[in-house]
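Side chains are part of it too, since the values below use all heavy atoms of this structure and drop only hydrogens, waters and symmetry mates.
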Amino acid sequence: MDKYENSLEEIVYKHALLNAAKHKGSANPGAVIGSIMSQEPDLRSRAKEIGPIAGKIVAQVNKLSEDEQSAQMAKYHVEVKENKQKKEEGLQELPGSHDNVVMRFAPNPSGPLHIGHARAAVPNAEYVKRYGGKLILRIEDTDPKRVFEPAYDLIPQDLEWLGIKADEVYYQSDRFEIYYDYARQLIEKGAAYMCTCDGATFKELKDNCKPCPCRDNSVEKNLELWDKFDQMHAGEAVLRVKTDINHKNPAIRDWVAMRIVEETHPRLGNKYRVYPMMNFSVAVDDHLMGMSHVLRGKDHLANSEKQKYLYDHMGWDVPEFIHYGRLKMEDIALSTSKALEGISSGKYSGWDDPRLGTLKAIARRGIQPQTIYNLITEIGVKMSDSAISWKKIYGLNRNFLEPIANRYFFVENPVEITVDGYEDGAVDIERPLHADHEDRGNRILPFAGKAYLASEDVKDGISRLMDAVNVDIDGDKITYNSTSFEQARDLKAKIIQWVPVEDNVNVSIVMDDASTKTGLGEGALKDLKVGDVVQFERVGFARLDEIKDNELVFYYAHK
């Protein structure tokens, strides 16, 4: 093969050997050509010449044994490099300087937080923790139509549940005078103008890369209109930030910074009529609050570009913009507006209805905050979209609940049975609260020949009442068979739970679909307090939500 040395054929030969080594000795001409085109940019102009050569050389390489191919690879110094690239998981390093990291979580107060909000809150909080920075909570409430007043209190509660504490808290509704000041500065710089064109006319001009007549107004004329702005009707005028009128994205051309709002604001009443648009208030606040990094979804890519124009007009340093992909959630109701509509109509019992994806609903079911925090951290902030499901959440949460949740018996739709032929009298049967943590002690289940069984377990055949006795079930007749577990095993008895007749409590379990299981639980459940998470054997994990006079109400988590 010396004829290939120091020639185009040598390059093709090396790529053919490498491709063969990766595919059990059989190279593919197309793959070889593709490898050359991607790794040898100087040869791309010779593609037509390389094609026939690759076909001929690949045929020759494929005739060699794998040992012969290996020898040729050694001769030509061809090495198969292992692909050490791993699937990207977790939070990668922040770009830019880490000397003074300032980040923010900036929700709209349209309702309590859901998993989608955690997608933004957790990475910001975790980055700040890692780099010893500062986290700002900024409530972006400059659209009265989207403000749900109780959310002002609900959002901090949800963040506290997640274990996130902001260093500073701001409400944009408190900052209108600041926005007015910077709007005037933009006008004075000639970087913004008052536009009195109707929306349809401006859109037609904008879509055709033509400026509207208002764009050439003098600074004096714009200031005059600005001073009269709050006396105008909604839609009569807007303040626009000058951008590139020929920008490829029409949405970025001369975007709106201020407009008239007629609605009453929950915090401001009717004090103001001129309201900032999101891109204006966010850019001003991000600068004044010293944001070093702005982390948000890729649906804000265009907004980041809009805001850069404002930074340039004002001569401000642009923060590092980081965008992440969408979070797709299977079988989780996340729309805040639809949730509110469902609550109003009675479809949902409240923001903590188990069918919703709000953090309140998740917490009520016994899902641990660290589960959500770790899940979002694991997903990271890559640009590609990510998907999560209840199955994934349950798997992570189980790791937290297994060590802490004590075990108890629960029987649904209980049926009282009497074991005929049982003669051992009353006994106290001990079962550990947790098999892996004997130091927690035992619970006592008294048995004297009677018990409650779940109606679904009263089936013909031999069954073992767990840790008690083995019985023959024949219709309504329950007969004592034996006592030992070894006998139950030999008889291949079905092992079932039971609840003492002498010591029990009414239990209801609200399931994840909002249906309810009702039945009886063992008496030891009466020692629980609200918030405790237990594992009902053969049912799953559940959190005690309410203690009534004669009933314990649990919310189901998962198996």
List for me each residue that meets side-chain contact (heavy atoms from CB on, under 4.5 Å) alongside [X], sequence neighbours excluded, and say none if there are none.
| X | result |
| --- | --- |
| R146 | N108, D143 |
| K529 | D532 |
| S97 | D99 |

Tell me which pairs pass salt bridge (Lys or Arg N to Asp or Glu O under 4.0 Å) where either residue lies in [range], with sequence neighbours left out.
| range | result |
| --- | --- |
| residues 104-123 | R104-D286 |
| residues 179-192 | R184-D227 |
| residues 105-118 | none |

* **Exam field: side chain R138 to backbone M289, donor-acceptor pair closer than 3.5 Å** => no
Looking at every non-hydrogen atom in both residues, tell me the closest pair between [X] and [Y] and how far apart they are.
| X | Y | value |
| --- | --- | --- |
| T336 | S110 | CG2-O, 3.2 Å |
| A339 | Y348 | O-CD1, 3.8 Å |
| P123 | I376 | CD-CG2, 3.8 Å |
| L135 | V128 | N-CG1, 3.8 Å |

Between [atom1] of [X] and [atom2] of [Y], what distance do you get to the nearest 0.5 Å?
| X | Y | atom1 | atom2 | result |
| --- | --- | --- | --- | --- |
| I322 | K382 | CD1 | NZ | 14.5 Å |
| N222 | M194 | CG | CE | 7.5 Å |
| D254 | I252 | CG | CD1 | 11.5 Å |
| L154 | L159 | CG | CG | 11.0 Å |
| Y182 | L310 | OH | CG | 10.5 Å |
| I404 | H434 | CD1 | NE2 | 9.0 Å |

Between [X] and [Y], does at least one N-O distance fall below 4.0 Å, as a salt bridge requires?
| X | Y | result |
| --- | --- | --- |
| K347 | D353 | no |
| K129 | E126 | yes |
| E160 | K165 | no |

Hey, are [Y] and [X] close enough side-chain-wise for a donor-acceptor pair under 3.5 Å?
| X | Y | answer |
| --- | --- | --- |
| E40 | H15 | yes |
| R175 | T142 | no |
| Q172 | D285 | yes |
| D244 | H247 | no |
| Y152 | D141 | yes |
| S173 | H265 | no |

[X], [atom1] atom: more than 12 neighbouring heavy atoms under 6.0 Å:
| X | atom1 | value |
| --- | --- | --- |
| D198 | CG | yes |
| E438 | CD | no |
| R326 | CZ | no |
| K517 | NZ | no |
| Q185 | CD | yes |
| K242 | NZ | yes |

* Using the benzene-type ring in the case of Trp, are the ring centres of F554 and F410 under 6.0 Å apart? -> no
* Mind telling me whether Y311 and H287 have parallel, tilted or perpendicular rings, with 30° and 60° as the class edges? => perpendicular
* Please state whether the rings of H313 and Y309 are parallel, tilted or perpendicular, taking 30° and 60° as the class boundaries. => tilted
Just wondering, do [Y] and [X] contact through their side chains at under 4.5 Å, heavy atoms?
| X | Y | answer |
| --- | --- | --- |
| R398 | Q535 | no |
| S281 | I178 | no |
| Y394 | D512 | yes |

Listed partners of [X] passing ring pair (Phe, Tyr, Trp, His ring centres under 6.0 Å), at least two apart:
| X | value |
| --- | --- |
| F541 | H558 |
| Y556 | none |
| Y127 | none |
| Y179 | none |

* **Residue list, salt bridge (Lys or Arg N to Asp or Glu O under 4.0 Å) with K206, at least two apart or on another chain** => none
* Which residues satisfy the salt bridge (Lys or Arg N to Asp or Glu O under 4.0 Å) test with E402, sequence neighbours excluded? -> R407
* Asked: When Y555 is tested against each of R365, R364, E546 for side-chain hydrogen bond (donor to acceptor under 3.5 Å, both in side chains), which residue passes?
  -> R364
